[in-house]
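Below is one structure, written out as structure tokens, with a few remarks after it.
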Number of protein chains: 2
Amino acid sequence: MADALSAAFAAMADPTRRDMVARLADGDAGVTELAAHYEMSLQAVSKHLRVLEDAGLVSRTREAQRRPVHLEVEVLDLMTGWIERYRRRAEERFARLDAVLDELKQQDAPARTRTRRAGGPR
Amino acid sequence: MADALSAAFAAMADPTRRDMVARLADGDAGVTELAAHYEMSLQAVSKHLRVLEDAGLVSRTREAQRRPVHLEVEVLDLMTGWIERYRRRAEERFARLDAVLDELKQQDAPARTRTRRAGGPR
DNA sequence: CCGGTTATCAACCAGATGGTTGACAAGGTG
DNA sequence: CACCTTGTCAACCATCTGGTTGATAACCGG
């Protein structure tokens, strides 16, 4: 998997793991405590948590024999940061495109002097 | 896969597909045009685009024989929306926790009257 | 009409993923 | 100590994923 973003997105691609993240947002929880909400073995839940941990989305602070799972928000920020970056680029482009279209419309309406074969902009 | 979020996150979990999204943010592009940037067969690129399309991240507006690929930002918003929602919950919780700790510190310092066995708030 | 460009479909393959069961380690509590 | 709770490790299995190659479809230029 290598890069952090791939691991993070992959971790969030599973509904069970997203639900775990949602629950952990409201407070730390033990593995068994989490497992109570899902119809799968404790081992499966443990594996899901390992995936989240490897992605850096979660940490297990060992506290005596309890190993409460804790949500880490930094990687969440990494994801939204990436997405927002390119979302913004796309939107700036749309804005520019609209500007050009407006300009064309204004140039086109008054007079149509340039030789222009069938079908204007496309 | 079923739900939209799972498909979206899964689509973004691949570095090649994220790179495609990044490029498409700067403008629509054809399959071959995109494929030029990757060391893989055209078919593989086509499959990646299909994944993005199935996730709703991309659309193919058929325009004569050209089938330019176009980035759709709505699903990106869906993802950031989900993440930000729970990120906010976690942060509100941290804020509340800090408040409680501050309160405890102030109560604790002057006098320690309540019977309290080892390990206060869990 | 023939050939080139562009893109998809189909079959196949190796490796990752999500689940199972069984065994076991580590920490309190009777 | 014996035991129960909590959690992980290991092996196994079915399915999904990301890539390949080969064949085929759709469209345009000469």
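Each chain gets a letter, A, B and so on, in the order the sequences are listed, and its residues count up from 1.
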**Asked** Is there a donor in the side chain of B/Tyr38 and an acceptor in the side chain of B/Asp19, or the other way round, less than 3.5 Å apart?
**Response** yes
**Request:** Please state how far atom CG in A/Leu34 lies from atom P in D/dT6, giving the value in whole angstrom units.
**Result:** 13 Å
**Prompt:** Separation of B/Arg50 atom CZ from D/dT17 atom P, in whole Å?
**Reply:** 12 Å
**Message:** Between B/Ser46 and C/dC9, is there a contact of a side-chain N or O with OP1 or OP2 at under 4.0 Å?
**Reply:** no
**Request:** Take the protein atom CG of A/Asp54 and the nucleotide atom P of C/dT17, then report the distance between them rounded to whole Å.
**Result:** 10 Å
**Prompt:** Nearest-Å distance, CZ (A/Arg18) to C1' (C/dG18)?
**Reply:** 15 Å
**Request:** Indicate yes or no for a side-chain donor-acceptor contact from A/Arg60 to the backbone of A/His70 under 3.5 Å, with no hydrogens or angles considered.
**Result:** no
**Prompt:** Does A/Arg17 put a side-chain nitrogen or oxygen below 4.0 Å from OP1 or OP2 of C/dG18?
**Reply:** yes
**Prompt:** Side chains of A/Glu72 and A/Leu57: closer than 4.5 Å at any heavy-atom pair?
**Reply:** no
**Prompt:** Rounded to whole angstroms, how far apart are CG on B/Leu52 and P on D/dG18?
**Reply:** 10 Å
**Message:** On a heavy-atom basis, which atom in B/Met12 and which in A/Phe9 lie closest, and how many Å separate them?
**Reply:** O-CD1, 3.5 Å
**Asked** So, the side chain of A/Arg17 versus the backbone of A/Ala11: is there a donor-acceptor pair under 3.5 Å, distance only?
**Response** yes
**Asked** Whole Å only: how far is the NE2 atom of A/His48 from the P atom of D/dG7?
**Response** 16 Å
**Message:** Tell me which one of B/Val69, B/Val21, B/Val75 satisfies side-chain contact (heavy atoms from CB on, under 4.5 Å) with B/Leu52.
**Reply:** B/Val21
**Request:** Using whole Å, report how far CE of B/Met20 lies from P of D/dG18.
**Result:** 11 Å
**Message:** For D/dT8 and A/Arg60 - does any side-chain N or O of the residue sit under 4.0 Å from the phosphate oxygens OP1/OP2?
**Reply:** yes
**Request:** Would you mind reading off the distance between B/Asp14 atom CG and C/dT17 atom P, rounded to a whole angstrom?
**Result:** 12 Å
**Prompt:** Of the candidate nucleotides D/dT6, C/dA7, C/dG19, which contains the atom at the shortest distance from the side chain of B/Val31?
**Reply:** C/dA7
**Prompt:** OP1, OP2 of D/dG18 versus side-chain N and O of B/Thr16: anything below 4.0 Å?
**Reply:** no
**Message:** If you assign each of B/Lys47 and B/Thr32 to its closest nucleotide in DNA chain C, which residue comes earlier from the 5' end?
**Reply:** B/Thr32
**Message:** Just to be sure I understand the geometry, which residues of residues 36-43 of chain B put a non-hydrogen atom under 4.0 Å away from DNA chain D?
**Reply:** B/Met40, B/Ser41, B/Gln43
**Request:** Side-chain contact test, heavy atoms from C-beta onward, threshold under 4.5 Å: evaluate it for B/Ser6 versus A/Arg18 and give yes or no.
**Result:** yes
